[in-house]
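Comments concern the structure below.
Throughout, protein chains are lettered first and strands after them, A, B, ... in sequence-line order, and every chain is numbered starting at 1.
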Number of protein chains: 2
Amino acid sequence: MSYKYEYPRAALTVDCVVFGLDEDDLKVLLIRRDMEPFAGRWALPGGFVHVDETLETAAMRELVEETGVQNVYLEQLYTFGDVERDPRERVVSVAYYALVKLSDHRVQAATDAREAAWFSIDDTPSLGFDHQNILATAHERLRGKVRYQPLGFELLPEKFTLRQLQQLYETILDRMLDKRNFRKKILGMGLLKELDEVETEVAHRAARLYRFDKRKYERLTKQGFNFEI
Amino acid sequence: MSYKYEYPRAALTVDCVVFGLDEDDLKVLLIRRDMEPFAGRWALPGGFVHVDETLETAAMRELVEETGVQNVYLEQLYTFGDVERDPRERVVSVAYYALVKLSDHRVQAATDAREAAWFSIDDTPSLGFDHQNILATAHERLRGKVRYQPLGFELLPEKFTLRQLQQLYETILDRMLDKRNFRKKILGMGLLKELDEVETEVAHRAARLYRFDKRKYERLTKQGFNFEI
DNA sequence: GCCTGTTAGTGTAAGTATTACACTAAGCTG
DNA sequence: CAGCTTAGTGTAATACTTACACTAACAGGC
């Protein structure tokens, strides 16, 4: 095969599935398309990859341009390459996903004035392209990942109660956890530092506050420690 | 952004990491490049994606063209998109991986007369591009996957002994397993059918032969059964 | 100030899974 | 028939998982 590419090339895009955690609801960030195809329909934020940027950079750039959401840690999900997934022409899309604290990422007016909004994960509108499929894949991956990777650092306030942390897991895993077993397990990991403070402004017994021990987390992660919940 | 793509496009390739199981050795299939860049160096089989074929089809096509190896079940690994990974121009590569029985896939003269060969996994030559990185990623993924997905169907003869199956796991996981615990676990899954036959032509006590119960396997897989070893 | 509502915080027992470990049985070979 | 090689088997100790219910603390309303 000669170097010069004789065939028409596939276009390359990135799409972002950004999950946002509300108090007790898992949401996903969507944009309303203003052009054909699927004009007026909701879709995942994303767009074409420039020739001088990495895939991850492209994903972050598109996310900011279309939704104003910044500083999220995107992880590669899967590459979707069916021939007919875009009605215009052949488009292969590398999908990324992330999980963020929703309150830190309220949608601003996006720079190109497209409409962006958070939707509850089990109440999303019908999406254009194969984005329903991408979203489902990301949701499944998120649930899988949470089982062997600890969560929280970026998803909770600096000081938080065990109840908040448990709620976070319950929201993502979409099932209830036993309070005592959860506490036993999570404290047993030794990643939380118990503080000499309790929460304030609650109309009942105040819960103790904890903080993540980030140094310990990094040490254990490097050793391949298993955080399964 | 208008429909017509104003920027130079990245080229899209696929690369294949095909692991081959020998009796007790894990190998990987490489080709020797006959063109620049990296002419004469070994590399993973792969090539450009045509505009009218899926990524998986492209991966299988390139694999056959470059190595003659056919009928392998490729699974998507990761998409590598660093800007400088190909010295010629921007090339994004979707990597696939597979695990096959080596004896079924001896390398034939490839159709385009390139040299292809199997290399022991811990004795590979230095590879061109970022293929060392792709290979390492695939190897890690393979070990991870084996832990929660049963192996075997395509990797052993139809009738096999528990010793053979255990050896297969040991080769991939690269550690010894306890014979009694292994048997307990694997038989407890109920995926093996004990036959009324023993192996022949061995210079010691002959071991019982087993066969995979494929129906049962498919049933359990659908239910999300966990096959962890 | 006391009653009520609400969440915090705690331990144990039963069951299940994991690990470590060593001998006898069978069949071939010389 | 002695010796080599691998097959085949069970148990005890330990760790992990699950299920489960009561008292403690605090705020708010009366």
Original post:
Got a sec, which residues hit side-chain hydrogen bond (donor to acceptor under 3.5 Å, both in side chains) with A:Gln166, two or more places apart in sequence or on another chain?
Top reply: A:Glu170

Original post:
Between A:Leu187 and A:Leu162, is any pair of side-chain heavy atoms under 4.5 Å apart?
Top reply: yes

Subject >> Protein-nucleotide distance (A:Arg163, atom CZ; C:dT10, atom C1'), rounded to Å >> reply: 16 Å

Original post:
Hey, are A:Asp15 and A:Ser93 close enough side-chain-wise for a donor-acceptor pair under 3.5 Å?
Top reply: yes

Subject >> Atom-to-atom span, CD of A:Glu197 to P of C:dA8 - whole angstrom >> reply: 17 Å

**OP:** For A:Met189 and D:dC16, give me the distance from atom CE to atom P, rounded to whole Å.
**Re:** 12 Å

Original post:
Within a strict 4.5 Å, meaning less than it, do heavy atoms of the A:Trp118 and A:Val28 side chains meet?
Top reply: no

Original post:
Does a donor on one side chain and an acceptor on the other come within less than 3.5 Å for A:Ser120 and A:Asp25?
Top reply: yes

Subject >> Distance in angstrom units between B:Glu201 CD and D:dT6 P, rounded >> reply: 17 Å

Original post:
A:Phe182 CZ to D:dC16 P: how many Å, rounded?
Top reply: 18 Å

Subject >> Length of the line joining B:Arg183:CZ and D:dT11:C1', which is rounded to integer Å >> reply: 17 Å

**OP:** Check the angle between the aromatic planes of B:Phe129 and B:His131 and answer parallel, tilted or perpendicular using the 30° and 60° thresholds.
**Re:** tilted

Original post:
Whole Å only: how far is the CG atom of B:Leu177 from the C1' atom of C:dT19?
Top reply: 12 Å

Subject >> Over all atoms of both residues, closest heavy-atom pair of B:Arg85 and B:Asp130 >> reply: NE-OD2, 2.8 Å

I'd like a table of atom pairs between the protein and nucleotides 18-21 of chain D - only N or O on both sides, under 3.5 Å - with the distance next to each one.
| from | atom 1 | to | atom 2 | distance (Å) |
| --- | --- | --- | --- | --- |
| D:dT18 | O4 | A:Lys184 | NZ | 3.0 |
| D:dA19 | N7 | A:Asn181 | ND2 | 3.1 |
| D:dA19 | N6 | A:Asn181 | OD1 | 3.2 |
| D:dC20 | N3 | A:Arg180 | NH2 | 3.2 |
| D:dC20 | N4 | A:Asp178 | OD2 | 3.3 |
| D:dC20 | N4 | A:Arg180 | NE | 3.3 |
| D:dA21 | N1 | A:Arg180 | NH1 | 3.2 |

Original post:
Checking salt bridge (Lys or Arg N to Asp or Glu O under 4.0 Å) against A:Arg211, which of A:Glu194, A:Glu158, A:Glu197 comes through?
Top reply: A:Glu158

Just the atom pairs and distances: protein N or O near nucleotides 23-30 of chain D's N or O, under 3.5 Å.
| from | atom 1 | to | atom 2 | distance (Å) |
| --- | --- | --- | --- | --- |
| D:dA24 | N3 | A:Arg205 | NH1 | 3.1 |

**OP:** Find the distance A:Phe160:CZ to C:dA8:P and express it as a whole number of Å.
**Re:** 14 Å

**OP:** May I ask you to test the A:Phe80-B:Leu55 pair for a side-chain heavy-atom distance under 4.5 Å?
**Re:** no

